[in-house]
2 protein chains.
Amino acid sequence: MPAYRPSTPPPPPPTSARELISAHGGRVTRTRVAVIDVLLGSQHPLSHDEIAAALDGEHIAHDRVTLYRALEWLVEQGIAQRIASGERAWRFEIRRGGEHRHAHFHCERCGQILCLEDVPTPASAPLPPGFAVERAELVLHGACAACGRHAQEGEQ
Amino acid sequence: MPAYRPSTPPPPPPTSARELISAHGGRVTRTRVAVIDVLLGSQHPLSHDEIAAALDGEHIAHDRVTLYRALEWLVEQGIAQRIASGERAWRFEIRRGGEHRHAHFHCERCGQILCLEDVPTPASAPLPPGFAVERAELVLHGACAACGRHAQEGEQ
DNA sequence: ATTTTTGATGCAACATTGTAGCATTAGATT
DNA sequence: AATCTAATGCTACAATGTTGCATCAAAAAT
């Protein structure tokens, strides 16, 4: 029985996460949307663990394996990229602005990873014949400003 | 009772592995010597697993944990260095020729890692104030000559 | 609006890679 | 030869992923 409806409420505008997912032919699921939102909201690459913690913080239920698979899918689709930071776990970040690839800084004191937006990864290099480069990873290791300061103070 | 000894046999000339180890104040042990020899004999960085296989091949008994610790010690001493290749496991290579740092190529088809002796890692980069770089890692990912060839053949 | 299809999930079990603790061994020194 | 202690070689454990498979639900078809 169709009751009076005072003008259909406009559907919620599709979030960019939803768009991203269906544009790649994937199903829009809770975990995928949440993971993309978390990555979009971060200024530096996040590990599986950190992403899981972020989802917990927002009370978004999720399975460990499903999260791994969501990340795997994002990387396959080119939506996100994996970074082999200094630690054992992969880190993930959304690929912003097409082909812009930047370097990363890994602080060996606190473990933090930072995007160096101003430092491009070399696009080409002299290679043996027949070799084809698809992407490059450049990671600088050292001490970040905060950790460098602590060290100095400790030495005094 | 000092029996007649027909001239003391000359001690075996110290191998460079033995020299390297004692020069760093470490004890010369079977596993350390063997690991250094394996690394010296390889043209590309090796994983823990590959090193273990090499030792097995030469029937040199070794413990998994001891091997990890030997590698850890070599890195601490600056004799070897760790490389975060594309895969999950670390790879190790002897540091040849002081501070010469080169890039590496990771073939995403066959997993092989190759030293790019002609491609230096950038020694410096514009960083936020207070940041100090200690080392840089540059890894190019793509397809090596052999794998690229296979792909072409498969496409025909 | 239902039904159907199948991509994605969620769970348990397993695999890989690396660490920690500790009694024992053996390399170097006295 | 006796001593000292760095390293070893175990076992157990931790961290990080992966596989298999029954079930669910997002999207498509009816």
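Numbers restart at 1 for each chain; the letters A, B, ... are given by sequence-line order, proteins then strands.
- Protein atom CG of A:Asp63 is 13 Å distant from nucleotide atom C1' of D:dT19, rounded to whole Å.
- Applying the 3.5 Å distance criterion, the base of D:dT16 shares no donor-acceptor pair with the side chain of A:Arg88.
- For A:Trp90, no side-chain nitrogen or oxygen approaches OP1 or OP2 of D:dT16 to under 4.0 Å.
- When each of B:Ala89 and B:Arg27 is assigned the nucleotide of DNA chain C with its nearest heavy atom, B:Ala89 is the one assigned upstream, toward the 5' end.
- Side-chain polar atoms of A:Glu93 and A:His104 form a donor-acceptor pair below 3.5 angstrom.
- A:Arg30 comes within 4.0 angstrom of the backbone, heavy atoms only, and of no base.
- Taking side-chain N and O atoms only, A:Thr29 has a distance below 4.0 Å to OP1 or OP2 of C:dT9.
- B:Val28 comes within 4.0 angstrom of sugar-phosphate atoms only, judged by non-hydrogen atoms across all strands, and of no base.
- Rounded to a whole Å, the CZ atom of B:Arg69 is 8 Å from the C1' atom of D:dG9.
- Remark: A:Asp56 CG is packed, more than 12 non-hydrogen atoms of other residues, nucleotides or ligands lying under 6.0 Å away.
- Atom P of nucleotide D:dA14 and atom CG of A:Asp49 are separated by 15 Å, given to the nearest angstrom.
- Within 4.0 Å of B:Arg32, counting heavy atoms only, lie sugar-phosphate atoms of the nucleic acid but no base atom.
- The nearest whole Å value for the distance from the CD atom in A:Glu72 to the C1' atom in C:dT9 is 14 Å.
- Among the protein residues, B:Thr66 comes within range of the nucleic acid bases, having at least one heavy atom under 4.0 Å from a base atom.
- Ring planes of B:Phe131 and A:Phe105: perpendicular class, angle over 60° (limits at 30 and 60°).
- There is a side-chain donor-acceptor pair under 3.5 Å between B:Glu87 and B:His106.
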